[in-house]
There are 4 protein chains.
Amino acid sequence: MNKVILIGRLTADPELRFLPGNGRAVSNFSLAVDKDLSRDKKQEFEQQGKPTADFIRIVVFGRSAENCANYLAKGRLVAVDGRLQTRSYENAQGQRVYITEVLANSVEFLEWGDNNSAGNKRENNKGSNDSMDFSAAEGFQPVDDDDIPF
Amino acid sequence: MNKVILIGRLTADPELRFLPGNGRAVSNFSLAVDKDLSRDKKQEFEQQGKPTADFIRIVVFGRSAENCANYLAKGRLVAVDGRLQTRSYENAQGQRVYITEVLANSVEFLEWGDNNSAGNKRENNKGSNDSMDFSAAEGFQPVDDDDIPF
Amino acid sequence: MNKVILIGRLTADPELRFLPGNGRAVSNFSLAVDKDLSRDKKQEFEQQGKPTADFIRIVVFGRSAENCANYLAKGRLVAVDGRLQTRSYENAQGQRVYITEVLANSVEFLEWGDNNSAGNKRENNKGSNDSMDFSAAEGFQPVDDDDIPF
Amino acid sequence: MNKVILIGRLTADPELRFLPGNGRAVSNFSLAVDKDLSRDKKQEFEQQGKPTADFIRIVVFGRSAENCANYLAKGRLVAVDGRLQTRSYENAQGQRVYITEVLANSVEFLEWGDNNSAGNKRENNKGSNDSMDFSAAEGFQPVDDDDIPF
DNA sequence: TTTT
DNA sequence: TTTT
């Protein structure tokens with residue numbers, strides 16, 4: 001069992017890449033998920049310049065990746081359901097870097113507001129629907145780290 | 001919302017420390033959580049020497065931390081319920097290192113077998129009970145990173 | 001382990017009662033949670049007059065109950081985190097009725113919109129905050145069914 | 001979003017049926033999931049003859065259903081991951097009965113012990129593996145209530 | 001008995 | 001490197 005459920009806001013517009021081998025779409029973004037702080041603790045953290053959120057990397061594949069890239073933008077509120085994944089790679093300095101991230105099964109859009117930070121997002125969306133689920137589950141197969149150029 | 005649920009095996013005996021300030025117990029360990037691979041994919045991964053599990057850091061505080069340190073050992077199967085947390089610290093080389101880990105609310109012991117790797121573990125346990133829940137939730141207060149010497 | 005996470009809309013304004021013994025607040029409401037249907041299946045269900053959502057009873061205690069009663073109304077979108085609970089009671093006809101419901105730990109408000117169906121709701125709210133979490137966890141103690149007059 | 005995760009023991013051997021239309025396997029069983037009671041509360045409940053567990057209906061489809069029927073029995077410990085579902089039907093007395101149950105995506109076996117209550121279970125299992133996951137997810141399609149003869 |  |  002490996003389940004993660006997050007509700008948070010995108011810290012930046014999502015990235016979109018395509019896997020070299022099969023052209024499969026991959027989207028990456030980070031979520032700011034508010035820490036569970038009391039009102040007092042939150043103030044204290046803010047005053048001390050300490051983060052009041054956790055920043056968590058999300059990866060999505062396939063059509064869900066494309067939907068994220070097309071409809072989401074910095075600041076948007078989403079619910080992510082997925083699993084924790086660890087990867088490692090060699091960086092430019094030859095050091096092994098360890099990554100823990102959430103491989104999303106589905107990304108649910110919780111807002112279809114107009115406060116859109118990225119002017120180019122959210123064309124042709126369904127409009128009235130405020131909770132559309134673009135599942136990433138369709139036939140997902142785990143992918144070689146080596147295929148992923150980032 | 002920030003929920004994580006994992007079932008996996010300890011990759012090593014748990015560590016136990018006490019916070020400088022208040023003496024609060026903190027335990028750290030990693031869990032090997034099997035990836036969701038088909039039988040074929042699993043074999044392929046094994047042949048290529050690729051990990052068939054994800055390795056995830058767990059932190060627990062308070063009495064639950066002490067219980068983990070006292071009753072768990074490398075290889076034990078547990079269910080962890082908690083939240084994802086990100087931290088960063090400066091390493092010896094002056095580089096910022098980012099950590100993603102699970103802050104456990106509760107660690108449920110799913111085995112009370114005899115295949116105990118650490119001979120000193122599992123004295124005075126409740127014996128017949130095979131699913132004891134040592135909640136970490138009692139009055140947990142988020143803690144300054146700076147208090148944590150690791 | 002017993003975890004439930006739901007995102008859905010209130011099917012009616014929440015009810016608020018107080019336990020006879022200790023005066024503790026209890027709120028009840030139901031959530032319409034969309035079934036995971038393909039676009040085609042959804043249309044089919046609608047045409048056949050079959051429900052496209054599951055309707056799930058929620059119970060909340062304490063301050064969270066009061067917050068729900070004060071700030072929520074029919075149609076509002078919320079995220080509920082809690083545990084499944086079964087109860088039974090004797091009805092007027094002397095039959096035993098079995099109830100399965102979600103005992104909420106926390107109810108997160110995912111909307112602070114203006115399409116408020118209940119004109120008397122959502123006074124004095126925090127305004128700018130669109131994701132406020134009224135935790136029900138504070139010292140919750142399981143409660144005798146017999147204390148609950150419904 | 002609609003997620004349920006339970007760890008509990010079967011209250012009876014699982015049932016197995018096949019849907020009239022397509023012959024798809026369906027298995028039903030109930031799980032006893034311990035309530036989250038303090039040691040004192042638990043004793044009190046036991047003395048008063050009140051249940052210390054919640055009893056939750058599980059439905060599984062497809063190959064996972066067959067695996068449950070073949071390998072599980074009363075008393076076995078499992079982890080279930082699924083979604084809450086509500087159904088209703090007319091009973092013999094012409095009254096509408098409402099059912100809330102968990103539609104399982106996967107049933108993870110957490111024990112392969114020898115304390116097998118049903119002598120006919122657990123032939124040809126994988127033996128050494130103590131955490132086998134028979135996913136129910138493969139191409140599951142929501143099914144008409146009317147097709148289900150129970 | 002149900003929501004957008 | 002982070003969001004409202």
Side-chain angles (χ1 to χ4, degrees), chain A residues 6-15 28-35 37 42 45-46 49-58 72-78 80 97 99 108-113 115-118 126-133 150, chain B residues 2 86-88 95-98 100, chain C residues 6-15 28-35 37 42 45-46 49-58 72-78 80 97 99 108-113 115-118 126-133 150, chain D residues 2 86-88 95-98 100:
Chain A
L6 302 171
I7 297 180
R9 292 184 183 279
L10 296 241
T11 63
D13 292 355
E15 292 172 23
N28 284 80
F29 52 89
S30 282
L31 239 47
V33 180
D34 282 345
K35 283 174 185 288
L37 301 171
K42 189 168 187 193
F45 273 48
E46 278 164 353
K50 300 207 300 199
T52 65
D54 292 299
F55 298 96
I56 299 165
R57 289 179 59 119
I58 313 290
L72 290 178
K74 182 178 178 181
R76 279 276 121 85
L77 187 69
V78 296
V80 166
V97 180
I99 301 278
E108 200 168 330
F109 300 178
L110 297 175
E111 281 182 348
W112 292 95
N115 57 328
N116 196 346
S117 79
K126 289 180 33 188
S128 65
N129 191 341
D130 62 345
S131 174
M132 200 158 136
D133 183 10
F150 52 92
Chain B
N2 182 336
T86 50
R87 285 168 22 210
S88 72
Q95 294 153 143
R96 193 134 284 270
V97 180
Y98 294 89
T100 301
Chain C
L6 302 171
I7 295 180
R9 293 185 183 279
L10 295 241
T11 63
D13 292 354
E15 292 171 22
N28 285 81
F29 52 88
S30 282
L31 239 48
V33 180
D34 282 346
K35 283 173 184 290
L37 302 170
K42 189 169 186 193
F45 272 49
E46 279 164 351
K50 299 206 301 197
T52 64
D54 293 298
F55 298 96
I56 299 165
R57 290 178 58 118
I58 313 289
L72 290 178
K74 183 178 177 179
R76 279 276 119 85
L77 187 69
V78 296
V80 165
V97 180
I99 302 278
E108 202 168 330
F109 300 178
L110 296 175
E111 280 182 348
W112 292 95
N115 57 328
N116 195 344
S117 79
K126 288 180 37 191
S128 66
N129 191 340
D130 63 345
S131 174
M132 199 159 139
D133 184 9
F150 51 92
Chain D
N2 181 337
T86 51
R87 286 168 22 211
S88 72
Q95 296 154 143
R96 193 133 285 270
V97 179
Y98 294 89
T100 302

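Here is the naming used below: chain letters follow the sequence lines, and residue numbers restart at 1 for every chain. Side chains included, hydrogens not; waters and symmetry mates left out as well; all remaining heavy atoms used.
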*Asks:* Could you check how far CG of D/N2 sits from P of E/dT3, rounded to whole Å?
*Replies:*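 Going from D/N2 (CG) to E/dT3 (P), I get 18 Å.
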
*Asks:* Which nucleotide in the list F/dT2, E/dT4, F/dT1 gets nearest to the side chain of B/Y98?
*Replies:* F/dT1

*Asks:* In whole angstroms, how far is the P atom of F/dT3 from the CZ atom of A/F55?
*Replies:*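 Taking CZ of A/F55 and P of F/dT3, I get 7 Å after rounding.
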
*Asks:* If we only count heavy atoms from C-beta on, is the C/L72 to C/F109 side-chain gap below 4.5 Å?
*Replies:*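 Counting from C-beta outward, C/L72 and C/F109 do come under 4.5 Å.
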
*Asks:* Counting distance only, does the side-chain N/O of D/T86 pair as donor-acceptor with the main-chain N or O of C/F55 below 3.5 Å?
*Replies:*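 Checking the backbone N and O of C/F55 against the side chain of D/T86, a donor-acceptor pair under 3.5 Å is found.
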
*Asks:* Among F/dT1, E/dT3, F/dT3, which nucleotide has an atom closest to any side-chain atom of A/T52?
*Replies:* F/dT3

*Asks:* Just the rounded figure in Å: distance from C1' of F/dT3 to CG of A/L10.
*Replies:*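 Taking CG of A/L10 and C1' of F/dT3, I get 8 Å after rounding.
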
*Asks:* Whole angstrom is fine here: how far is it from CG in A/D13 over to C1' in F/dT3?
*Replies:*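 Roughly 12 Å, once rounded to whole Å.
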
*Asks:* Between C/K35 (NZ) and E/dT4 (C1'), how many Å, whole number?
*Replies:*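 Nearest whole value for this atom pair: 17 Å.
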
*Asks:* Find the distance C/K42:NZ to E/dT3:P and express it as a whole number of Å.
*Replies:* 13 Å

*Asks:* Using whole Å, report how far CG of A/D54 lies from P of F/dT1.
*Replies:*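 Rounded to whole Å, this separation is 15 Å.
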
*Asks:* Whole-Å distance between E/dT3 P and C/R9 CZ?
*Replies:*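 Rounded to whole Å, this separation is 12 Å.
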
*Asks:* As a quick check of understanding, evaluate side chain to side chain contact (heavy atoms under 4.5 Å, CB included) for C/F29 and C/L31, giving each step before the final call.
*Replies:* CA-CA 7 Å; C/F29 52 88; C/L31 239 48; 3.7 Å; yes

*Asks:* Over all strands shown, is A/A53 touching base, sugar-phosphate only, or nothing at heavy-atom distances under 4.0 angstrom?
*Replies:*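 The residue A/A53 makes base contact.
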
*Asks:* Quick check: do A/I58 and A/N28 have side-chain heavy atoms less than 4.5 Å from each other?
*Replies:* no

